[in-house]
Protein chains: 2
Amino acid sequence: MKRKVSQATVHRLSLYTRYLGELEAREVDYISSDKLGEGIGTNAAQVRKDLSIFDRFGIPGRGYPVSFLRKRLAKILGVEDRVWRVAVVGAGCLGTALVCYSRFEKQGFHFVAILDNDSAKIGTRIGKLEVADISDLERIIRSEKVEVAVISVPVQNAQQVTDLMVEAGVRAFLNFAPVNLNVPPHIVLRNVDLTVEFEGLSFHLINH
Amino acid sequence: MKRKVSQATVHRLSLYTRYLGELEAREVDYISSDKLGEGIGTNAAQVRKDLSIFDRFGIPGRGYPVSFLRKRLAKILGVEDRVWRVAVVGAGCLGTALVCYSRFEKQGFHFVAILDNDSAKIGTRIGKLEVADISDLERIIRSEKVEVAVISVPVQNAQQVTDLMVEAGVRAFLNFAPVNLNVPPHIVLRNVDLTVEFEGLSFHLINH
DNA sequence: CTATGTGAAGGCCTTCACAGCG
DNA sequence: CGCTGTGAAGGCCTTCACATAG
């Protein structure tokens, strides 16, 4: 890695990887930076800059070898020949939906547990998983070797649950609770906030 | 509006608004740019710059009036004294979860319809809504005066469904399908791609 | 004396433009 | 001759620092 990889670049690496997967399924051998950019909604210069951070993947006059590039990017993203073990905390609408959605499994994110504090939910089955009692959190995280957690609990429980998970050894969080979580500096945290997304739409509808 | 409002600023306006709502509930009257920044995970300078785009909301020596500022920001975001009518297309795991999640209603996003093409789902009840037949799309969009649509259909149907919706008059889309949708320039589109989010976590776990 | 509002500086990301490779 | 890789330029966003208001 020659330079710092920006958040924006990481985001696009994901999109390139997915689009290259589609091309691979359609048995396309080579793709130009121009077409690859078009496929994910950016331009050729951006594509070449992004890829040049890591290596010289392309062949002047031909473009990028689709299959080779997809594998290399998947490796860079950490999703080639590898599975991440994920726990979902909060078996509400959203937590349930994530577990039932199969694409993540295919992409190397394996859901190994779903936890809740509601005794009416504990023991019930969601997809292939049985809802576990949140008071068993630490034991489950350790025995299941959970590395990534999804926070889909109500706002008022989110920070506490996150603290417990950090203590139990979880290193990365995808947070759906609409609150600013505080985590130690070595912990990876990304927020998905659907209200923010809706309000983004609303702002542009009103101001354009 | 004195200058162009960046995407990043719009995002933070949402976060400020939410945090100010919490402060309002706790009956806090004034907040400094420093504390407001801390509350959403940014700094005082950023807060002051963001807010100064629109007006002089603050009182030197005291800070910002919480309730007044919250209302003004909600107005700017288009969620004060107003309801947006939203349709969800695709009654799978995710579409169902969104309709059952009540926070959006409170924030001014009112779900008025959920559509699917699966005859096994059509007519069934999800929350307060009955799943409608997607072949009635145009009629429903017009009669329900839908302005915003959520795309939660499989990738292969996403573009077609979006085209139909644009034609029927929908002006804004929140797209959960992992595909780059093409829409006319005057249409507002935001993508929520959970695979990208997971891969973002993965990248940072591997490279730090 | 505290905390805002804002030009200026700094830093990061994107776009340009072209040398050079296949 | 087409398309990549990459310095340079441009543009946008964040941070700094301080004059100014309450």
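Below, chains carry the letters A, B, ... as their sequence lines are ordered, and counting in each starts from 1.
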Asker: Sub-3.5 Å donor-acceptor pair from the side chain of B/Ser202 to the main-chain atoms of A/Gly78, do we have one?
Answerer: yes

Asker: Ignoring hydrogens and geometry, is there a side-chain-to-backbone donor-acceptor pair from A/Asn43 to A/Gln46 under 3.5 Å?
Answerer: yes

Asker: For B/Glu24, check salt bridge (charged side-chain N to carboxylate O under 4.0 Å, His left out) against everything at least two apart and list the hits.
Answerer: B/Arg70

Asker: Between B/Lys71 and B/Glu80, does any NZ, NE, NH1 or NH2 come within less than 4.0 Å of an OD or OE carboxylate oxygen?
Answerer: no

Asker: Given 3.5 Å as the limit, does a donor-acceptor pair link the side chain of B/Arg85 with the main chain of B/Val112, or not?
Answerer: no

Asker: Any protein N or O atoms within reach of nucleotides 5-11 of chain C? Criterion: under 3.5 Å, listing atom names and distances.
Answerer:
from	atom 1	to	atom 2	distance (Å)
C/dG5	OP1	B/Phe57	N	3.3
C/dG5	OP1	B/Gly58	N	2.9
C/dG5	OP2	B/Tyr64	OH	2.7
C/dG5	N7	B/Arg48	NE	2.7
C/dG5	O6	B/Arg48	NH2	2.9
C/dT6	OP1	B/Arg56	NH2	3.2
C/dT6	OP2	B/Lys2	NZ	3.2
C/dG7	N7	B/Lys49	NZ	3.3
C/dG7	O6	B/Lys49	NZ	3.0

Asker: Should the pair B/Phe109 and B/Trp84 be assigned to parallel (<30°), tilted (30 to 60°) or perpendicular (>60°) ring geometry?
Answerer: parallel

Asker: Any donor and acceptor pair, going by atom type alone, linking the side chain of B/Asp116 with main-chain N or O of B/Lys121 inside 3.5 Å?
Answerer: no

Asker: Do the side-chain N or O atoms of B/Asn43 get closer than 4.0 angstrom to the phosphate oxygens (OP1, OP2) of D/dT15?
Answerer: yes

Asker: OG/A/Ser152 to CD1/A/Ile114 distance, rounded to the nearest 0.5 angstrom?
Answerer: 6.5 Å

Asker: What do the steps show when you test A/Phe173 against A/Val161 for side-chain contact (heavy atoms from CB on, under 4.5 Å), and what is the final call?
Answerer: CA-CA 11 Å; A/Phe173 292 88; A/Val161 157; over 6 Å; no

Asker: Name the nucleic acid region contacted by B/Gly63, choosing base, sugar-phosphate or nothing; use a 4.0 angstrom heavy-atom cut-off, strictly under.
Answerer: sugar-phosphate

Asker: Please confirm whether the shortest side-chain N or O distance from B/Gln46 to OP1 or OP2 of D/dC13 is below 4.0 Å.
Answerer: no

Asker: Do B/Pro184 and B/Val166 touch side chain to side chain, with heavy atoms closer than 4.5 Å?
Answerer: yes

Asker: May I ask you to check whether over 12 heavy atoms, not counting those of B/Gln156, lie within 6.0 Å of atom CD?
Answerer: yes

Asker: Rounded to whole Å, please give me the gap between CD in B/Glu38 and P in C/dA3.
Answerer: 13 Å

Asker: Without decimals, in angstroms, what is the distance between A/Lys35 NZ and D/dT4 P?
Answerer: 12 Å

Asker: Mind calculating the distance between CG (B/Asp34) and P (D/dT15) to the nearest angstrom?
Answerer: 13 Å

Asker: So if I take residues 5-13 of chain B and measure heavy-atom distances to DNA chain D, which residues fall below 4.0 Å?
Answerer: B/Ser6, B/Ala8, B/Arg12

Asker: Please name all residues satisfying ring pair (Phe, Tyr, Trp, His ring centres under 6.0 Å) with B/His11, sequence neighbours left out, ordered by chain then number.
Answerer: none

Asker: Tell me which residues in residues 24-33 of chain B put a heavy atom below 4.0 Å from DNA chain C, sorted by number, or none.
Answerer: B/Ser32, B/Ser33

Asker: Using five base pairs at each end, measure the axis-to-axis angle across the helix from C/dC1-D/dG22 to C/dG22-D/dC1 and round it to 10 degrees.
Answerer: 10°

Asker: Examine distances only and state if a side-chain atom of A/Glu105 and a backbone atom of A/Phe111 form a donor-acceptor pair shorter than 3.5 Å.
Answerer: yes

